[in-house]
Amino acid sequence: MSSSRYPDYLEFAYRTARAAGEAILPYFRMALDVEDKGGARGYDPVTVADRAAEAVIRAEIARVHPDHGIRGEEHGWQKGTSRYTWVIDPIDGTRSFILGQMHWATLIALHDGERVVAGVAHQPYVGESFVATAGGRSEWRRVGMHRTLRTRRCPGVAEAVLACTDPKMFETPDERAAFDRVANAARFTRWGGDCYAYCLLAMGLIDIVVEASLHAYDVQALIPIVESAGGAITTWTGAPCDEGGSVVACGDRTLLPSVLARLEGKGA
């Protein structure tokens, strides 16, 4: 894919995320039936709003880019005839959504077969979006307003604000111990946030995010938002995190080696 097409794909994703938001909002802060699709894997809620939003996104992709694949949380992976795949989470942060809290968003990413080239996180109730292309600009948008996002400098883990969605996402004692090695060294830790933690990192308000048990649709849209704002986002071993798993993001890229070392048990 030519990088000259990235802005066009980004604007398509932005418009589509806003359309999904219109399908979601009638259900927000309303009494909803909540289905648990997690089973033995643990509680994993889904609502009619999740499914309605993904249906809107899939229909728009099929209309405008019928040869592209679609990989969504609720309706699975539909392979396309081209190399491009849209990776979508209609509501990232469904637990927050069903509680009437606001740390949730629609995530849409475009993967070109090698990397994520565009990502959007849109929160319709607040009316704000975080958008970026690979190698381009990371931006915050609200109707009539635009702002370039930049991460902030953080000289060391001791000065860092650390965020993580839920301690239960660490499935083994070793994973939790790895997180604790970072948390015990950080200035302070805040729980909660889902995708918003990464967006606020890109905005320069959070320094480190350490999480585990993520899926591709949880993280792909956030990769260009973080990286184009000046941050770094990888697995705990420093590899690309397109497929999720154990993920770490640092607003100041120079922090990443020390955070990875602590996760591995080698940090001091």
Side-chain angles (χ1 to χ4, degrees), residues 6 10 13 69 71-73 77 83-89 92-93 105-121 130-136 138 149 151 154 157 160 162-172 174-176 178-179 181-183 186 193-203 206-267:
Y6 294 177
L10 182 68
R71 186 180 184 183
E73 178 177 10
W77 196 339
R83 62 186 293 189
Y84 311 122
T85 301
W86 294 93
V87 181
I88 55 181
D89 190 342
D92 184 85
T106 295
L107 302 182
I108 303 179
L110 180 62
H111 200 287
D112 73 353
E114 296 182 357
R115 62 171 180 161
V116 182
V117 298
V120 170
F130 301 82
V131 307
T133 56
S138 187
L149 297 175
T151 59
C154 184
V157 177
L162 170 66
C164 179
T165 297
D166 189 336
K168 289 186 176 180
M169 64 182 9
F170 304 113
E171 296 180 343
T172 69
D174 285 347
E175 284 185 347
R176 181 57 194 265
F179 173 84
R181 286 193 292 270
V182 181
D194 291 279
C195 58
Y196 248 87
Y198 300 85
C199 295
L200 295 176
L201 181 142
M203 191 175 261
I206 290 173
D207 301 298
I208 306 170
V209 181
V210 175
E211 299 195 314
S213 306
L214 299 184
H215 299 277
Y217 47 75
D218 295 316
V219 71
Q220 286 201 15
L222 304 170
I223 293 171
I225 294 171
V226 168
E227 291 183 339
S228 294
I233 179 168
T234 71
T235 68
W236 289 10
T237 61
C241 62
D242 297 22
E243 290 302 310
S246 298
V247 173
V248 56
C250 293
D252 187 330
R253 291 175 181 170
T254 65
L255 272 182
L256 184 63
S258 62
V259 174
L260 292 177
R262 288 181 185 277
L263 289 169
E264 193 178 350
K266 296 180 179 179

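Numbering of residues begins at 1 and proceeds along the displayed sequence.
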Q: Hey, what do you get for CD (Gln220) to CH2 (Trp86), rounding to the nearest 0.5 Å?
A: 12.0 Å
Q: Please report the shortest heavy-atom distance between Ala178 and Leu263, naming the atom on each side.
A: CB-O, 3.4 Å
Q: For a quick test of reading the model, state the closest non-hydrogen atom pair linking Ala232 to Leu256 and the distance between them.
A: CB-CD2, 4.0 Å
Q: Under the rule for side chain to side chain donor-acceptor pair (under 3.5 Å), what residues qualify as partners of Arg176, not counting sequence neighbours?
A: Asp180
Q: Please evaluate residues Val247 and Leu222 with respect to the criterion side-chain contact (heavy atoms from CB on, under 4.5 Å), reporting the C-alpha separation (whole Å), side-chain torsions for both, the decisive distance (0.1 Å), and the verdict.
A: CA-CA 11 Å; Val247 173; Leu222 304 170; over 6 Å; no
Q: Could you work out, with salt bridge (charged side-chain N to carboxylate O under 4.0 Å, His left out) as the rule, every residue matching Asp207, not counting sequence neighbours?
A: Arg152
Q: Quick one: side chain to side chain donor-acceptor pair (under 3.5 Å) partners of Asp218, sequence neighbours excluded?
A: none
Q: Rounded to the nearest 0.5 Å, how far does CG of Asp92 lie from CD of Glu73?
A: 7.5 Å
Q: Only counting residues at least two apart or in another chain, list the ones meeting side-chain contact (heavy atoms from CB on, under 4.5 Å) with Ala132.
A: Ser138, Pro224, Ile225, Ser228
Q: Testing the basics here: between Asp242 and Glu114, what is the closest heavy-atom pair and its distance to 0.1 Å?
A: OD2-O, 4.2 Å
Q: Scan for ring pair (Phe, Tyr, Trp, His ring centres under 6.0 Å) pairs involving residues 217-258, sequence neighbours excluded, and state none if there are none.
A: His215-Tyr217
Q: Enter the distance from Cys250:SG to Ile233:CD1 here, rounded to the nearest 0.5 Å.
A: 9.5 Å
Q: Report the C-alpha separation of Trp77 and Thr85 in whole Å, then their side-chain angles, then the decisive distance to 0.1 Å, and conclude whether the side-chain contact (heavy atoms from CB on, under 4.5 Å) test is met.
A: CA-CA 9 Å; Trp77 196 339; Thr85 301; 3.9 Å; yes
Q: With sequence neighbours left out, write down each residue that passes salt bridge (charged side-chain N to carboxylate O under 4.0 Å, His left out) with Glu211, or none if nothing qualifies.
A: none
Q: Hey, are the side chains of Thr234 and Leu260 touching, using non-hydrogen atoms and a 4.5 Å cut-off?
A: yes
Q: Over all heavy atoms of both residues, which pair between Cys241 and Val219 is shortest? Give the atoms and the distance, please.
A: O-CG1, 3.3 Å
Q: If only atom types and distance count, is the side chain of Thr165 paired as donor or acceptor with the main-chain N or O of Asp194 below 3.5 Å?
A: yes
Q: Can you tell me which residue pairs pass the side-chain hydrogen bond (donor to acceptor under 3.5 Å, both in side chains) test with a partner in residues 248-257, sequence neighbours excluded?
A: Asp252-Thr254
Q: Could you tell me the separation between the OG1 atom of Thr133 and the CG atom of Leu110, rounded to the nearest 0.5 Å?
A: 11.0 Å
Q: Quick one: side chain to side chain donor-acceptor pair (under 3.5 Å) partners of Thr235, sequence neighbours excluded?
A: Thr237
Q: For a 4.5 angstrom cut-off between non-hydrogen side-chain atoms, does Cys164 reach Met169?
A: yes
Q: Could you grab the distance from atom CG of Asp112 to atom OH of Tyr84, nearest 0.5 Å is fine?
A: 6.5 Å
Q: In Å and rounded to the nearest 0.5 Å, what is the CD1 to SG distance from Ile208 to Cys154?
A: 6.5 Å
Q: Not counting sequence neighbours, which residues clear side-chain contact (heavy atoms from CB on, under 4.5 Å) with Ala221? List them please.
A: Leu107, Ala109
Q: With sequence neighbours left out, write down each residue that passes salt bridge (charged side-chain N to carboxylate O under 4.0 Å, His left out) with Arg71, or none if nothing qualifies.
A: Glu243
Q: Considering residues at least two apart in sequence or located in another chain, which fulfil the side chain to side chain donor-acceptor pair (under 3.5 Å) criterion with Glu227?
A: none
